[in-house]
> 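Questions regarding the structure given below will be posed in turn.
Proteins get letters first, then strands, A, B, ... in listed order; numbering begins at 1 in each. Owing to the predicted nature of the structure, the values given are computational and were not obtained by experimental measurement.
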Amino acid sequence: MDAVAVSYPPAAPSSLSRTLHKWGLLLGVIGAVLGFLLGYFLGGLGFTDTNSNGSNIQILLAYSLSAVGFLAGMGFFNRLIGSLLGRRPPTPADEAFLHGEGAGLSRYFRLTVDHKVIGMQYVVMILFFLFAGGLGAMLIRGELLSSQPSYVTPESYLTLVGLHSVIMIFMASAAIIGPLGNYFVPIMIGSRNMAFPRLEALTFWLLPPAGLILLSSVLLGGFPTGWTGYAPLADQSVLGMDAYLVAFGLIGLSIMLSGLNMITTVITMRAPGLRFTKLPIFVWGVFITSWLGLLAAPVLASVILMEVFDRTFRAALFVPAGGGTPYLWENLFWFFGHPEVYIFIIPAFGLIMEMLPVFTRRPLWGYRVAVGGMLGVGVLSFFVWQHHLFVSGIAPALRPFYMFSTEAISVPTGIIFLVALGTLWRARTRFTVPMLFVGAFLFNFLIGGITGVFLSDVPADFSLHASYFVQAHFHYTIMGGEVFALVGGLTYYLPKMTGRKLNERAGRRQFWVMFIAFNATFLCLLAVGMLGMTRRVISYQPELQGLNIAASISAFVLGASLLFWLGMIIWSLILRPALATQKNPWESLGIEWQLPTPVPTYNFDTVPVAWSLPYEYDTGQPAAVPGRTQPALAGGTPT
Amino acid sequence: MTTLPQTPAFHEPDPVVRSRSLILGSRLMLGANLTAQLSFLFAYLYLRANNNNGMWHPDGVGPPPIGLAVAVLLLQVAAFAAVWAASSALTRKPGASAFVRLLEVGMVLGAACLAFRLFQITHLGWTAAQGTYVDVSILWFFFLAAQVFIGILWLIKLLSGQLRRTVLVTVADLRSAAEYWAFVTVVSFMVFLLVQYVT
């Protein structure tokens, strides 16, 4: 792909673009309100009383149309409607405007197609939901200071646990791909943008309504199922369950479309000379994850559709008395749900392997092996889902296969660890803050992985299923793995994204507090799980109170450390904006660090053509040097 | 090697890359669509095998009337054939406009298929409480109807741009649309066989 020799005449953006520019988000909110009212009205016209829990068709339609109204207000349907009516496509001026050139901060509050703006939008949203979900965790741990219910009722506790889990799952599914994948993948492959920029914007803007709909479930009685939405409990639940279904459906749609866009971008938009064998390892992580999202998320969408059908029309797909079976939900949900776990973690693998060579000043040891490891994890992740059903009563003959397939997934995971260790071996490592998080990732994920191997074993799973051991295992992989990688990755990439570097000394202190508090929390929970404490239950045996108090206090410290990290970001970006950093503070050879900061709107004036792996620290040769010999553009893109 | 664009500094993607992206993107979407269809297939066969309480297929519930089902399927095949022929015509003679008529025919047949499908759904006399064969079949029919509707919108988009000469249809555009219709037609045929004969 090369720059196209096109020169466009000056043209002002259309009035539609101007309107969007000024009122994009506000119109979206108005559209959401109107959509909600319309849906509520239509739902009340003649579809009521089909469900014993109330007229959930009204809620479903209201939520669905509010999401549609929001997107319409944001301007997502303008082009679709225009093309259906045969109108002219947007002019280059409109397109340039949509990229947000010269729009300043306002471009972050409207529909834009610049992948870097969308990446920053993701950063804010991910942090918001990380802290919203974290608040739920604090409330849960506060409640569990006592072995008997204190300030939360058992019913509200279930909703609290469910909200915490779904918000965190929602956050985690986009935590790395959203901010860092969208921002850096096009740059790392030498492209000016994603293959489908509007689709990329859509994948982001589907998520704020999803999050708000999910949070609103509290107003409708919540949902008692946790993040897994198990039937037939879901069939019997109050209207808050509908909020779960619509929100999760929107999240699934976003994951699927994001996967489609990323795959197409990596395959078709790579710069000349950038073969797959030269792709940065982070791009590989995103690429493999995208396949998982593309193929697994539609299954989630289908099973949600079935649940909606059950709840709304009194169908019985998951109700045994009517001919259905809850195992149908369990199978389909986990066919999505287990690859979903790897949707969280494979980008984190890619991210830490991207950072390792920078701080060890060595080439990534076993690059191809690492790619193979991630591919192996990705493929195997589709063949393990029934280990979630070991205790539910699946055919005993199936258990050995799923036990071995689950254990087998530790092999490619172990390969990735070997690559990391090989890169670290005898390296003169620079223990900067991002590198500390890389180390913490390896430590935490090792514990998460090993406890996972225990759980894959059928007899062990029988005794530990639904206990805090499972919960702690899961948190070791997702929080200890992905969230640590996210914090480290954002610390690493913020200087490129914003031109500001977080304070190194404060960062080190924050890291150690976070690392120790995290392990103190979840080691205690591993212990209470082994002692038989069941998750999702508000009361527990009094003799476990000591460990629970220790876990809760550690969790509060962990929460405080993350708040401190957020404060560091705000301090660096907003309160002390004069603290600009140098262009490449980590001395990385990656192409993204060879570009100016902030990165120009279209990334490259001329597309780079000479590529090597970006890890040649023994020679100091960058992957590619973007051609920046052309004069600055008259339009004022920074160079 | 390049002339930098002047104001505004918009770098239009290479048309060849854009075509490749379109074709690949639409095939990936078909892949995603396939996994959704497989979910329905799994549900159908799983519920049939379980037959809890004998409620898969209670007495008195039969497959849809064969005449209407065949009509829906034939219209679907005819719509696909027209779109495919349009795609072939444009590939053979890129500058000619003979494909437009075929595309119009495809759109009309697709709309007829959708109408017949909706008529079928609303006149089956099925209710959701009549067992899981009915539940999963009717949901699948709705899903297929939505797919046909999307296919029709796609054709309208292509035709509108072409007829108003605002966005001319490219080979890649039509090939993607034709592949989509081929996919939906094959799925419709499989669903027809399943719902009619694997009860």
Side-chain angles (χ1 to χ4, degrees), chain A residues 1-8 10-11 83-89 92-93 95-96 99 101 192-193 195-196 256 260-261 263-264 267-269 294-299 301-303 305-306 309 313-317 320-325 328 331-332 601-602 605-606 630 633-635 637, chain B residues 1-18 20-21 24-25 28-29 31-40 42-43 46-47 50-58 127-129 131-136 138-139 143 153 156-157 159-164 166-167:
Chain A
M1 188 194 70
D2 205 347
V4 179
V6 184
S7 184
Y8 294 114
S83 62
L84 286 174
L85 297 175
R87 289 188 186 141
R88 292 196 176 282
E95 291 289 352
H99 273 81
E101 278 198 272
R192 293 200 168 95
N193 210 341
F196 305 113
M256 183 188 78
L260 184 150
N261 202 3
I263 295 168
T264 309
I267 291 178
T268 65
M269 306 286 280
L294 179 79
L295 298 177
V299 179
S302 305
V303 75
L305 202 59
M306 292 177 200
F309 197 52
F313 297 103
R314 287 191 181 175
L317 294 164
T325 167
L328 177 61
N331 274 292
L332 289 176
T601 305
Y602 301 101
D605 285 347
T606 55
Q630 304 290 351
L633 299 178
T637 43
Chain B
M1 69 153 206
T2 183
T3 304
L4 282 176
Q6 301 303 306
T7 306
F10 171 63
H11 290 267
E12 186 152 291
D14 185 330
V16 176
V17 173
R18 197 156 51 180
R20 284 182 58 209
S21 297
L24 177 63
L28 290 172
M29 186 59 100
N33 197 332
L34 180 64
T35 61
Q37 303 290 351
L38 289 174
S39 306
F40 282 101
F42 178 81
Y46 195 72
L47 292 168
N50 270 274
N51 190 20
N52 271 344
N53 279 335
M55 283 294 286
W56 161 250
H57 204 283
T127 66
T132 42
Y133 165 75
V134 166
D135 291 346
V136 73
I138 210 160
L139 192 57
F143 196 58
L153 285 183
I156 290 174
K157 172 184 174 292
L159 276 169
S160 300
Q162 180 70 30
L163 293 174
R164 297 188 64 176
T166 50
V167 184

> Rounded to the nearest 0.5 Å, what's the gap from CG on B/Leu34 to CG on A/Leu295? Could you check?
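So the CG of B/Leu34 and the CG of A/Leu295 are separated by 9.0 Å.
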> So what's closer than 4.5 Å to chain A heavy atoms on B/Tyr133: side chain, backbone, both or neither?
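B/Tyr133 has no heavy atom closer than 4.5 Å to chain A.
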> Against chain A, work out which of B/Gln37, B/Arg20, B/Gln162, B/His57 has the most heavy-atom pairs shorter than 4.5 Å and name it.
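Sorted descending by pairs with chain A, the first entry is B/Arg20.
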> Minimum heavy-atom separation for A/Met256 and B/Ala32, please, with both atom names.
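Closest approach of A/Met256 to B/Ala32, heavy atoms only: SD-CB, 3.7 Å.
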> Starting at CG of B/Asn53, measure out to OG1 of A/Thr325 and round the result to the nearest 0.5 Å.
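So the CG of B/Asn53 and the OG1 of A/Thr325 are separated by 11.0 Å.
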> Can you name the residues that form a side chain to side chain donor-acceptor pair (under 3.5 Å) with B/Ser160, not counting sequence neighbours?
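Once residues adjacent in sequence are excluded, B/Ser160 has no partner under the side chain to side chain donor-acceptor pair (under 3.5 Å) criterion.
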> Over all heavy atoms of both residues, which pair between B/Ala43 and A/Met306 is shortest? Give the atoms and the distance, please.
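Where B/Ala43 meets A/Met306 most closely, the heavy atoms are CB-CE, 3.8 Å.
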> Taking side chain as everything from C-beta outward and backbone as N, CA, C, O, which of these in A/Asn331 sits under 4.5 Å from a heavy atom of chain B? Side chain, backbone, both or neither.
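For A/Asn331, side-chain heavy atoms alone lie under 4.5 Å from chain B.
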> Would you indicate whether the side-chain heavy atoms of B/Asn50 and A/Leu328 approach each other to under 4.5 Å?
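No, too far: nothing below the 4.5 Å cut-off.
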> Do A/Arg87 and B/Thr166 have side chains that approach each other closer than 4.5 Å (heavy atoms only, starting at C-beta)?
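Contact flag for A/Arg87/B/Thr166 side chains = no.
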> Select one option (side chain, backbone, both, neither) describing which atoms of B/Leu153 are under 4.5 Å from chain A's heavy atoms.
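For B/Leu153, backbone and side chain are both near chain A.
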> With sequence neighbours left out, write down each residue that passes ring-ring contact (aromatic ring centres under 6.0 Å, His included) with B/Tyr46, or none if nothing qualifies.
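Only B/Phe42 meet the ring-ring contact (aromatic ring centres under 6.0 Å, His included) criterion with B/Tyr46.
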> Over all heavy atoms of both residues, which pair between A/Gly324 and B/Asn52 is shortest? Give the atoms and the distance, please.
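Heavy atoms only, the tightest pair is O-ND2, 2.6 Å.
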> Report the option among B/Ile138, B/Leu139, B/Leu47, B/Val16 that has the most heavy-atom pairs separated by less than 4.5 Å from atoms of chain A.
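The candidate making the most pairs under 4.5 Å is B/Leu139.
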> So for A/Ala316, is it side chain, backbone, both, or neither that comes closer than 4.5 Å to the heavy atoms of chain B?
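Both backbone and side chain.
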> Could you tell me the separation between the CG atom of A/Leu294 and the CE atom of B/Met29, rounded to the nearest 0.5 Å?
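These two atoms lie 8.0 Å from each other.
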> Count the heavy-atom pairs under 4.5 Å between each of A/Pro320, A/Ala301, A/Ala195 and chain B, then report the option with the highest count.
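Most heavy-atom pairs under 4.5 Å with chain B: A/Pro320.
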> Contact between B/Arg164 and A/Arg88 at the side-chain level, heavy atoms closer than 4.5 Å - yes or no?
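B/Arg164 does not reach A/Arg88 side chain to side chain.
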> Of all heavy-atom pairs between B/Thr132 and A/Leu317, which one has the smallest distance, and what is that distance?
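The answer is CG2-CA, 4.2 Å.
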> Quick one: are A/Phe313 and B/Asp135 in side-chain contact, heavy atoms under 4.5 Å?
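The answer is no; the side chains never approach within 4.5 Å.
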> With a 4.5 angstrom heavy-atom cut-off, is it the side chain or the backbone of A/Ala321 that approaches chain B, or both, or neither?
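Both parts, backbone and side chain.
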